[in-house]
2 protein chains.
Amino acid sequence: MRANRADDKVAKRKPPPPMQFGADQPLWAAWLYYEEGLKQDEIAERLGISRASVFNLLQKARDEGIVTITIDPTRLERADLSVELKEKGGLLECYVLPAGGSAAALYDRIGRLGARILEQKIENDDVIGVAWGRTVMSLSKALSPANKPGVTVAQVTGSSIATYDFSPELCTSNIAARLNARCVNLHAPGVVSNPSMKTLLMQEPIIEQHFTLLRQCTKTLFGVTHLSGPTLLEDSGVMTEELLLQYQKKGAVGFASGYFFDPDGTIIRTGFDDRHIVMPIEDFINVPRRICIGGGAEKITAIQGMLKAALANVLITDQDTARSLCRIL
Amino acid sequence: MRANRADDKVAKRKPPPPMQFGADQPLWAAWLYYEEGLKQDEIAERLGISRASVFNLLQKARDEGIVTITIDPTRLERADLSVELKEKGGLLECYVLPAGGSAAALYDRIGRLGARILEQKIENDDVIGVAWGRTVMSLSKALSPANKPGVTVAQVTGSSIATYDFSPELCTSNIAARLNARCVNLHAPGVVSNPSMKTLLMQEPIIEQHFTLLRQCTKTLFGVTHLSGPTLLEDSGVMTEELLLQYQKKGAVGFASGYFFDPDGTIIRTGFDDRHIVMPIEDFINVPRRICIGGGAEKITAIQGMLKAALANVLITDQDTARSLCRIL
DNA sequence: AGCAATTTCTGGCAATTTTCAACAAGACGT
DNA sequence: ACGTCTTGTTGAAAATTGCCAGAAATTGCT
């Protein structure tokens, strides 16, 4: 395919033989560049291509994950703010995103941090329960491809009718896809019309089976939502303003992984809970590592309540939010 | 400590507040640079320091292993030459170093490749038997620091009196040190003066214990030596020319992990074997992953014999050697 | 406190990398 | 066989990074 047709027409082709490399050019270029420290020119010369092509090759290698640049996230854990927040918030682990980064949306930046941490923490037989949210979605997109066939990713809440770009199904399947893990979606609506329907549904073998799986979760991953102003809960069609108001009247300030709570961490319930298909909170609390990811000024009170309720074990947030939380906790 | 003394003498200090970052500046810089893709200028601005300092910070981060750049070695395994050699050589795995790299010595370059592969393959409870050789020594130096407290690194051959810079002790302890693993040296001479001394020594509790440990090896790591011309065996004072000649007369062409063999893979023995303190070959062959590392034109026949003798399971070599081996196998 | 040694930081220049717009080659439909 | 679209390549310009030698700050010592 790449045979020498130097004797075809004009013989003014490259005089040095282009060096018979294996098929995987990006890999070879990457090795010579990153491991042996050659300049792009030198590689270009050896491969018989232009500098620019070497650059493209290297870019491809980075994109395809042939070369990976990793930052040791345990360092982020050791940073002073993380330690303070970890102690004040009663957490097992806490990671704080440096302030002053790129202009990208905060949830994308926190999501990326979460991705790096998750990658590093995943063990082979993990069962990961995934809730939903914008930040969780960002995380899923920022995950670098990996091969973890022993891992199971399971959906924690039921699905929604409305299609929006960070639905429970999408979050779950995205993460599973990146990880090359088993993906177990919950094939049931997130909200049903009346309590007896919930009871019936929960008895369905397939659903029951799913909740049995969820009980084996080793990790869960979820975001937090605040309740005041326009929220994701309404936008996504999960709830109506009216229902939300009922929770707020009872003092709820936040919502995470399916439960509402007030700033003191008391779980708030209304009739809605009886129609909401979600992992029971007793089971949820038993999961060893419950990772909450999210940040932003609006969410501070919500996160405070979430921490008091001890829904999360591990918190991933940004510097400003962390500082505010440290002040009020 | 870093308080504002802007009102001390001259007020021409930095007007923008230097941004209150955590203590670990290199880490923050690294995150912003590698994860968020900011330019060094932008980071300098946000941190209130000069570009050059950001550069230094990043360098420090790289040096200290806060950021790591890795190449997925499994790709090298999939390269066409590797696959061919793996099949022809009856190997479990085979890795081939790209040709045309830096001008560094071949054993250093192969050692680096070996280091990357070893890092990636090490599991938590491994017991790694380490023989000696220049390439193994290079590997040990190229290993990046890791924390594997569950790993044991054990010396496969006895030590030598002469001190040279790639002795069994050094290879073993170097590797263990990099890995933060347990280091078990064999506190016995590599060669004793007569067979009965070997018998006696092997009965010593400490030695016996060591060989029991070796029997539990999950991996071994060793190089190959050719026998013609000036060899490491003589240089290191392990053997005399005369002894070597005895092996060569019987057809031996190579030496690896303590055994001599001919090109067909038959193990060659002389009286020397009865004075050589080394892991018994029956035990050696039982180790699940036997990693041989080495390359170079001189070694081709030796590697051929080594492969035929099935001493190795996994081979790490360079492109030229791999091509030659494919031709003759 | 005063001075010298040492460390850390900086400005600017050189080298390297990245981008870009134009161009060549192959694939495809007509 | 012809244009057209896609894909990949290139040289040169623009941007970014790497480096060094001198400046500032810090430290250690008397």
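Everything numeric in this text was worked out from a predicted model, so none of it was measured.
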Enquirer: If every non-hydrogen atom of B:Cys171 is compared with every non-hydrogen atom of B:Ser140, which pair is closest and at what distance?
Expert: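 Taking B:Cys171 first and B:Ser140 second, the nearest heavy atoms are O-CB, 4.3 Å.
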Enquirer: Under 4.0 Å, heavy atom to any atom of DNA chain C: which of residues 62-69 of chain A qualify?
Expert: none
Enquirer: If only side-chain N and O atoms count, and only distance matters, is there a donor-acceptor pair under 3.5 Å linking B:Tyr95 with B:Arg75?
Expert: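 Short answer, no.
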Enquirer: Could you check whether any side-chain N or O of B:Ser82 sits under 3.5 Å from a backbone N or O of B:Arg78, counting only pairs where one atom can act as donor and the other as acceptor?
Expert: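 Pair absent, no side-chain N/O of B:Ser82 close to backbone of B:Arg78.
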Enquirer: In whole angstrom, give the distance that lies between atom CD of A:Glu42 and atom P of C:dT16.
Expert: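 Distance check: A:Glu42 CD to C:dT16 P gives 8 Å.
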Enquirer: Check whether any side-chain N or O of B:Arg109 sits under 3.5 Å from a backbone N or O of B:Pro98 as a donor-acceptor pair, and report yes or no.
Expert: yes
Enquirer: At 4.0 Å (heavy atoms only), tell me whether A:Gln40 reaches a base, stays on the sugar-phosphate, or touches nothing.
Expert: base
Enquirer: Atom CD1 of B:Ile49 and atom P of C:dG11: how far apart are they, to the nearest Å?
Expert: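 In whole Å, C:dG11 P lies 12 Å from B:Ile49 CD1.
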Enquirer: Please list, in numerical order, the residues of residues 50-61 of chain B that have a heavy atom closer than 4.0 Å to any atom of DNA chain D.
Expert: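 Contacting residues: B:Ala52, B:Phe55.
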Enquirer: Using 4.0 Å as the upper bound for N to carboxylate O, is an ion pair formed by A:Lys121 and A:Glu93?
Expert: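 Looking at A:Glu93 and A:Lys121, the cut-off is met.
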Enquirer: Tell me, with the steps shown, if B:Ile71 and A:Leu27 meet side-chain contact (heavy atoms from CB on, under 4.5 Å).
Expert: CA-CA 8 Å; B:Ile71 294 192; A:Leu27 171 67; 3.9 Å; yes
Enquirer: Tell me the interatomic distance from B:Glu45, atom CD, to C:dT10, atom P, rounded to whole angstroms.
Expert: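 Taking atom P of C:dT10 as the reference, CD of B:Glu45 is at 14 Å.
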Enquirer: Do A:Thr135 and A:Ser138 have a side chain donor and acceptor closer than 3.5 Å?
Expert: no
Enquirer: Would you mind telling me which of A:Leu315, A:Ile303, A:Ile110 makes a side-chain contact (heavy atoms from CB on, under 4.5 Å) with A:Thr321?
Expert: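 Answer after filtering A:Leu315, A:Ile303, A:Ile110: A:Ile303.
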